[in-house]
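Note sheet for the following structure.
A, B, ... follow the sequence lines: proteins, then strands. Residue 1 opens every chain.
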Amino acid sequence: MARELPKIYEPQQVENRIYQMWEEGGYFKPQGKPDAKPFTIVMPPPNVTGQLHMGHAMDATLQDTLIRFKRMQGFDALWVPGTDHAGIATQIKVEEQLRKNEGLSRHDLGREKFLERVWAWKHQYGNRIVEQQKKLGASCDWDRARFTMDEGCSKAVREVFVSLYEKGLIYKGSRIVNWCPHCITALSDAEVEYVDKPGKLWHLKYPIAGEEGRYVIVATTRPETMLGDSGVAVNPNDERYQDIIGKKCILPLMNREIPIVADDYVDLGFGTGCVKMTPAHDPNDFEVGLRHNLEMIRVLDDAGKVNELGGKYQGMDRYEARKAIIADLEELGLLEKIEDHQHNVGTCYRCGNDVEPIVSAQWFVSMKTLAEEAIRSVNDGETKFVPERFTKNYMNWMNNIRDWCISRQLWWGHQIPVWYCADCGHMTCSREDATCCEKCGSTHIERDPDVLDTWFSSALWPFETLGWPDAEAEDLKKYYPTSVLVTGYDIITFWVSRMIVSGLEHMGQAPFHTVLIHGLVRDNLGRKMSKSLGNGIDPLEMIEKYGCDALRMNMVTGNSPGNDMRFYVERTEAMRNFANKLWNASRYVLMNLSEDAKNALPAVEKLEIADKWVLSKLNTLIAEVTENLEKYELGVAVQKVYDFIWDTYCDWYIELTKARLYSEDQERKETAMSVLVYVLDQTLRLLHPFMPFITEEIWQSIPHEGEALIVAQWPEFRQELAFKAEEEQMESVMNAIRAIRNRRTEMNVPPSKKAALFVLTAKPQIFTEGEGFLQRLAYADAVTLLDTEPENLDGMVTITTADAKLYIPMGQLVDVAKELERIGKELENARKFLKSLDAKLSNEKFVARAPEAVVNAEREKQAKTRDLIAQLEQSEAALKKL
RNA sequence: GGAGGCAUAGCUCAGCUGGUUAGAGCGCAUGCUUCACACGCAUGAGGUCACAGGUUCGAGUCCUGUUGUCUCCACCA
């Protein structure tokens with residue numbers, strides 16, 4: 001059992017082996033007893049094209065920590081993994097490859113052949129991200145892994161589309177959509193990134209029809225759209241323009257008569273107060289156009305070039321056309337002025353090109369009624385956000401909901417299940433692939449070429465992964481609704497809110513009761529990690545260098561839910577050091593362990609004060625950590641475990657046991673060993689959700705029952721191990737020890753030299769009980785324990801700690817003046833503190849209203865501080881005599 | 001324009017429902033090869049908890065305002 005362990009912990013030697021052991025042991029599958037409550041998490045599916053980044057590391061760590069915690073608590077814990085087909089991202093990736101390797105575009109191959117290529121790509125590379133997640137220690141049930149384009153998900157998507165269509169919640173309509181002329185597809189609102197850019201505001205003169213020499217002046221940032229103008233609008237309350245409302249003006253260059261209308265949309269204060277209306281190329285103009293029956297003239301094609309309605313500008317791209325139009329207007333004297341204008345330009349989140357609002361026929365989900373239910377559900381507390389403030393975020397979006405454009409002009413994705421009849425024009429929307437028109441029976445039908453927005457399938461994730469639409473699927477019945485959803489705040493609207501909507505609509509129940517939101521991982525300057533900045537830190541590299549456990553610890557320590565985190569390699573390093581600390585503490589235990597040692601606590605009578613102290617502290621730790629984890633305060637929980645291991649267990653308890661371990665007293669030695677092993681075992685359990693690998697590795701080496709730590713039982717508070725009194729006594733001993741060390745350091749006493757500090761304690765029994773340990777800790781040879789007060793106090797300085805008095809022979813003081821100064825400072829502090837306590841305690845209101853415990857504590861402090869001051873004064877006086 | 005976050009030690013951040021003389025990691029200073037660990041041990045320096053008010057016996061913690069900073073949503077031609 002006591003095997004030779006290397007001095008330095010080497011995660012690389014351990015992690016893969018342990019992970020394999022877990023996987024082969026089937027421990028990632030739900031482990032609950034038949035009556036166990038389920039605890040389910042569905043993993044936010046990463047893109048198949050994805051490369052593991054710090055965001056994934058954060059995501060996975062939090063989820064894995066929760067799952068492992070609940071698994072150990074005895075829940076039937078299930079973590080469902082999967083990947084997302086990621087429409088545009090994947091398609092572009094394969095297209096790029098195609099172009100690079102074969103010089104072909106997707107059109108050269110044709111839809112069917114191209115899709116074969118994408119699938120081939122998926123089969124070759126799609127598992128990469130999964131393998132990378134395993135490096136994070138993710139304990140997902142990989143056998144249940146799903147892909148948003150697999151058969152089951154496709155069925156779910158089809159079912160949802162058709163059923164929403166049948167309910168009239170999906171419709172095809174002309175709307176202004178965000179169009180990317182480079183990617184040649186519509187983008188949802190969320191896929192547009194607004195970038196502040198310097199631009200120009202061109203003031204154009206439109207002649208008023210029939211009134212020679214009179215103009216309206218309109219301002220625009222996109223003059224090329226004037227080709228499609230079908231009106232000019234002013235505010236109905238604008239006194240400047242009352243007389244021209246209802247008149248017409250001549251659209252320059254196109255020589256078209258367009259009406260001047262009045263609409264509230266126009267802001268009196270901006271520009272000239274006259275706005276050109278281009279209903280086909282601006283969302284606001286579109287709305288105004290509908291109200292006033294303005295013509296919809298689309299002048300740009302899908303690639304952003306001027307089309308046949310653009311007169312002589314046909315064929316130019318939008319920027320060329322802009323130049324040409326400005327030049328022409330200037331020549332005609334119709335360019336009033338040009339102003340610099342800073343404005344927010346929508347750009348494609350993929351390619352970065354300016355988005356062009358274009359009117360086109362797209363599919364939409366009517367969100368209004370769906371959103372109402374989603375709002376109600378969260379209001380009723382069926383789903384809670386942690387931290388709570390993100391509820392506002394969610395509500396804000398839901399309350400201002402707009403219809404969701406779900407069609408994308410791509411090939412990779414779920415193709416829209418609608419067929420158009422060439423003969424009667426009817427649309428057939430069907431769960432099965434249609435072979436003929438459902439209305440006229442014609443076989444001249446053609447399927448809609450568009451595919452669905454990737455988020456359309458992601459929105460179904462919590463139930464499609466569990467077997468839906470098969471309502472009888474076992475997993476669905478058992479694990480839906482899921483428990484917690486863990487994700488970053490950046491996709492609350494994209495994803496979380498849409499899952500809530502779909503869960504309520506199709507399952508009749510919100511998909512999870514808690515949404516745990518985390519922040520973004522930023523670089524050490526606070527910037528987002530991104531490819532273009534090249535400031536990303538590769539989690540796999542960190543794992544290779546410091547170990548997975550260290551990286552995971554970095555993700556949870558010192559971070560609170562919803563807040564961003566700056567990534568400091570130093571922190572990972574610190575966590576690596578912590579792993580090593582734990583490793584060596586365990587080595588110490590194992591080295592001293594006898595062959596036949598068992599993991600059982602000795603009888604209470606045999607426990608010594610230090611044992612009771614550590615057990616009692618452990619007890620508190622268990623209660624607190626469990627509570628923190630249940631409240632999703634992972635950062636607080638892990639900090640406590642960390643402190644316990646390093647401070648309580650290593651720096652104090654292990655040191656306290658040394659005297660016994662190296663003594664001849666076999667019984668005392670065994671007691672200490674048993675407690676050492678017991679506390680280590682319990683601590684490993686508490687730490688396991690955070691640092692799964694090293695804890696499992698160590699746990700396998702110490703005496704244990706059960707197969708693996710991953711499925712071991714979570715520790716519980718044990719009333720019989722709460723030793724309040726001993727805990728306090730031990731703390732007082734520790735304070736004395738600290739004071740001794742402090743004196744020694746201040747007096748520059750080298751360890752080899754006796755400091756000749758004499759300790760008298762108010763509780764001598766504490767000190768006499770385990771002589772050995774005090775000596776050791778205080779550099780024993782330098783301390784003499786006294787049973788009674790020294791008879792002659794002359795030549796002694798007295799220092800008082802909470803429960804002990806330290807007598808220091810003057811001769812040992814290196815510098816009397818320095819010591820006097822120190823005492824002076826301490827006195828000053830103590831007097832100040834006492835004054836504040838006196839004031840507090842003489843305040844009747846405080847005594848009357850504060851809880852008794854608080855008042856008593858203050859009284860106690862007051863007494864102690866008085867004592868302290870007296871002792872300090874005594875020392876001061878003694879020193880002054882010298 | 002609307003909403004929200006953050007502001008605590010040199011740096012990065014914890015601090016739960018208000019209650020010890022405010023904490024950690026890193027960094028810094030001093031000493032230490034003490035028989036688990038120098039990826040270590042010990043000791044220490046360093047903070048009017050952004051500013052101004054308010055509530056309270058009591059505020060880093062709750063409320064209001066100010067300043068700085070970041071983010072989300074909407075997007076004005």
For this session: Identify which nucleotide among G40(B), C75(B), A24(B) has an atom closest to any side-chain atom of N284(A), counting heavy atoms from C-beta outward.
Result: C75(B)
Exercise. Which of the following nucleotides, C72(B), A77(B), G19(B), is nearest to the side chain of N393(A)?
Worked result: C72(B)
For this session: Report the nucleotide, chosen from C73(B), A36(B), C39(B), that has the shortest atom-to-atom distance to any side-chain atom of E655(A).
Result: A36(B)
For this session: Taking only the side-chain heavy atoms of R389(A) (C-beta and beyond), determine which of A36(B), A77(B), G5(B) contains the nearest atom.
Result: G5(B)
For this session: List for me each residue that meets ring-ring contact (aromatic ring centres under 6.0 Å, His included) alongside F644(A), sequence neighbours excluded, and say none if there are none.
Result: none
Problem set entry | Sugar-phosphate, base or nothing in reach of F833(A), heavy atoms under 4.0 Å | base
Problem set entry | Proximity to the side chain of K392(A) - top-ranked nucleotide from G4(B), C72(B), C76(B) | G4(B)
Exercise. From the list G15(B), C16(B), A36(B), which nucleotide is the closest neighbour of the side chain of C650(A)?
Worked result: A36(B)
Exercise. Looking at C37(B), does its base get a donor-acceptor pair with the side chain of K7(A) below 3.5 Å?
Worked result: no
Exercise. Counting just side-chain N and O atoms, does K581(A) come under 4.0 Å of either OP1 or OP2 of G40(B)?
Worked result: no
For this session: Answer yes when E828(A) and K832(A) have at least one side-chain N-carboxylate O distance shorter than 4.0 Å, and no when they do not.
Result: no
For this session: Using a heavy-atom cut-off of under 4.0 Å over every strand shown, decide if I492(A) touches base, sugar-phosphate, or nothing.
Result: nothing
Problem set entry | R318(A)/E224(A) ion pair, N-O < 4.0 Å | no
Seminar exercise, completed: Among the nucleotides C11(B), G19(B), A74(B), whichever has the atom closest to the side chain of R402(A) is A74(B)
Problem set entry | P gap between G44(B) and A38(B), integer Å | 24 Å
Exercise. Going by the angle between their ring planes, with limits at 30° and 60°, are Y394(A) and F385(A) parallel, tilted or perpendicular?
Worked result: tilted
Exercise. Which string of ( ) [ ] | and . matches RNA chain B, if you list each base 5' to 3' and count Watson-Crick or G-U pairs only when both distances are under 3.5 Å?
Worked result: (((((((..((((.....[...)))).(((((.......))))).....(((((..]....))))))))))))....
Exercise. Where the side chain of A574(A) is defined as all heavy atoms beyond and including C-beta, which of U20(B), G15(B), C26(B) is the nearest nucleotide?
Worked result: C26(B)
For this session: Would you confirm whether N584(A), through its side chain, and N580(A), through its main-chain N or O, come within 3.5 Å as a donor-acceptor pair?
Result: yes
For this session: Identify whether NZ of Lys or CZ of Arg in K861(A) sits under 6.0 Å from the centre of the six-membered ring of F833(A) and within 45° of that ring's axis.
Result: no
Problem set entry | Short side-chain N/O contact from N742(A) to OP1 or OP2 of G44(B), under 4.0 Å | yes
For this session: Could you check whether N843(A) gets within reach of a base, just the sugar-phosphate, or nothing at all, counting any heavy atom under 4.0 Å?
Result: sugar-phosphate
Problem set entry | Out of C75(B), A36(B), G19(B), whichever nucleotide has its closest atom nearest the side chain of Y588(A) | A36(B)
May I have the list of side-chain donor-acceptor pairs in residues 260-270 of chain A shorter than 3.5 Å, sequence neighbours left out?
unit_1	atom_1	unit_2	atom_2	d
D263(A)	OD1	Y265(A)	N	2.9
D263(A)	OD1	R291(A)	NH2	3.1
D263(A)	OD2	R291(A)	NE	2.9
D263(A)	OD2	H292(A)	NE2	2.8
D267(A)	OD1	G269(A)	N	2.9

For this session: Please confirm whether any donor atom in the side chain of R576(A) sits under 3.5 Å from an acceptor in the base of C39(B), or the reverse.
Result: yes
Seminar exercise, completed: Note: for Y649(A) and R566(A) on RNA chain B, the residue whose nearest nucleotide lies more 5' is R566(A)
Exercise. Between atom CG in N396(A) and atom C1' in G5(B), what is the gap in whole Å?
Worked result: 14 Å
Exercise. Touch check for N829(A), heavy atoms < 4.0 angstrom, all strands: base, sugar-phosphate only, or nothing?
Worked result: nothing
Exercise. Under 4.0 Å: is that the gap between some side-chain N or O of R222(A) and OP1 or OP2 of A77(B)?
Worked result: no
Exercise. RNA chain B: P283(A) or L837(A), which has the more 5' nearest nucleotide?
Worked result: L837(A)
Exercise. Do L329(A) and W202(A) touch side chain to side chain, with heavy atoms closer than 4.5 Å?
Worked result: no
Exercise. So, is N577(A) close to the G40(B) phosphate, meaning a side-chain N or O under 4.0 Å from OP1 or OP2?
Worked result: yes
Exercise. Is there a side-chain polar atom (N or O) of N856(A) under 4.0 Å from OP1 or OP2 of U20(B)?
Worked result: no
Problem set entry | A59(B) to U66(B) separation - P atoms, rounded to the nearest Å | 24 Å
Seminar exercise, completed: Closest to the side chain of W646(A), out of G40(B), C16(B), A77(B), is G40(B)
